[in-house]
Participant: 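The structure is given below, and queries will be raised subsequently.
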Amino acid sequence: MEEGQSRPDRQEARLARRVRELCLTLEKMRLTEYMRYLNDVRRLLWVNFLTGLARGFGTAIGFTILGAIAIAVLQRVTVINLPIIGRYLADVVRIVQENLAKR
């Protein structure tokens with residue numbers, strides 16, 4: 001034992017240090033701001049609505065780009081000659097070309 005400190009005093013000091021560390025950790029996590037955010041129902045709904053819009057928009061754009069790349073690759077590889085897939089892709093290509101011609 002250290003001189004001048006009894007066992008309960010050391011335990012109390014250790015506990016106080018642990019509580020301070022816990023408080024600092026909670027402050028770093030911004031827990032109070034997060035709890036305020038969760039309790040503000042309007043803000044929570046608005047943020048989730050905007051997040052959903054962004055995800056939906058991103059999904060639509062990504063699918064469009066991926067589809068266009070797939071069609072371009074299939075046209076170049078001449079896989080369009082396959083009976084079922086070929087007719088379907090030919091229809092898609094025709095519709096895209098008609099829409100581009102209308103512009």
Side-chain angles (χ1 to χ4, degrees):
M1 271 201 234
E2 294 178 18
E3 288 184 37
Q5 262 191 337
S6 65
R7 185 174 177 92
D9 288 340
R10 283 190 304 164
Q11 287 179 343
E12 186 177 313
R14 188 179 315 135
L15 182 61
R17 184 174 28 88
R18 297 283 310 263
V19 168
R20 280 193 304 272
E21 290 172 2
L22 179 62
C23 287
L24 287 173
T25 303
L26 290 175
E27 284 179 26
K28 288 178 185 176
M29 290 174 48
R30 302 169 85 188
L31 188 63
T32 54
E33 291 176 29
Y34 181 67
M35 293 304 296
R36 265 190 238 125
Y37 167 72
L38 289 178
N39 288 327
D40 187 359
V41 177
R42 283 185 173 196
R43 182 168 182 233
L44 186 65
L45 288 174
W46 179 248
V47 168
N48 283 328
F49 174 72
L50 291 178
T51 302
L53 279 178
R55 284 185 181 156
F57 186 70
T59 301
I61 296 297
F63 182 73
T64 302
I65 292 171
L66 187 63
I69 291 172
I71 290 172
V73 167
L74 289 174
Q75 279 180 335
R76 294 202 188 259
V77 177
T78 63
V79 175
I80 292 188
N81 293 332
L82 295 174
I84 297 171
I85 298 172
R87 270 186 258 129
Y88 174 73
L89 289 176
D91 289 341
V92 171
V93 170
R94 182 183 47 80
I95 291 169
V96 169
Q97 287 175 345
E98 286 175 2
N99 284 335
L100 288 175
K102 288 180 183 177
R103 288 185 179 179

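Along the sequence shown, the residues carry numbers beginning at 1.
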Participant: Would you indicate whether Arg94, at its atom CZ, is surrounded by more than 12 heavy atoms from other residues, nucleotides or ligands within a distance under 6.0 Å?
Facilitator: yes

Participant: Where do Glu98 and Lys102 land on the salt bridge (charged side-chain N to carboxylate O under 4.0 Å, His left out) test, with the steps shown first?
Facilitator: CA-CA 6 Å; Glu98 286 175 2; Lys102 288 180 183 177; 5.5 Å; no

Participant: Could you check Arg36, Met35, Met29 and say which one makes a side-chain contact (heavy atoms from CB on, under 4.5 Å) with Thr32?
Facilitator: Arg36

Participant: Is Leu66 reachable from Val73 through a run of hydrophobic residues whose side-chain heavy atoms are each under 4.5 Å from the next?
Facilitator: no

Participant: Quick check: is Tyr37 connected to Val41 through a chain of hydrophobic side chains (ILVMFWY, heavy atoms under 4.5 Å apart)?
Facilitator: no

Participant: Do Ile61 and Ile69 share a hydrophobic cluster (ILVMFWY, side-chain heavy atoms under 4.5 Å, transitive)?
Facilitator: yes

Participant: Given side chains that start at C-beta, do those of Leu44 and Asp40 come closer than 4.5 Å, heavy atoms only?
Facilitator: no

Participant: How far does CZ of Arg17 sit from CG of Leu15, to the nearest 0.5 angstrom?
Facilitator: 10.0 Å

Participant: Give a yes or no on this: more than 12 heavy atoms of other residues, nucleotides or ligands lie within 6.0 Å of atom CD of Gln11.
Facilitator: yes

Participant: In Å, rounded to the nearest 0.5 Å, how long is the span from CG of Leu38 to CZ of Arg43?
Facilitator: 10.0 Å

Participant: Do Phe57 and Ile65 belong together in a cluster built from hydrophobic side chains that touch within less than 4.5 Å?
Facilitator: yes

Participant: Say you draw a straight line from NZ of Lys28 to CG of Leu26; how long is it, rounded to the nearest 0.5 Å?
Facilitator: 11.0 Å

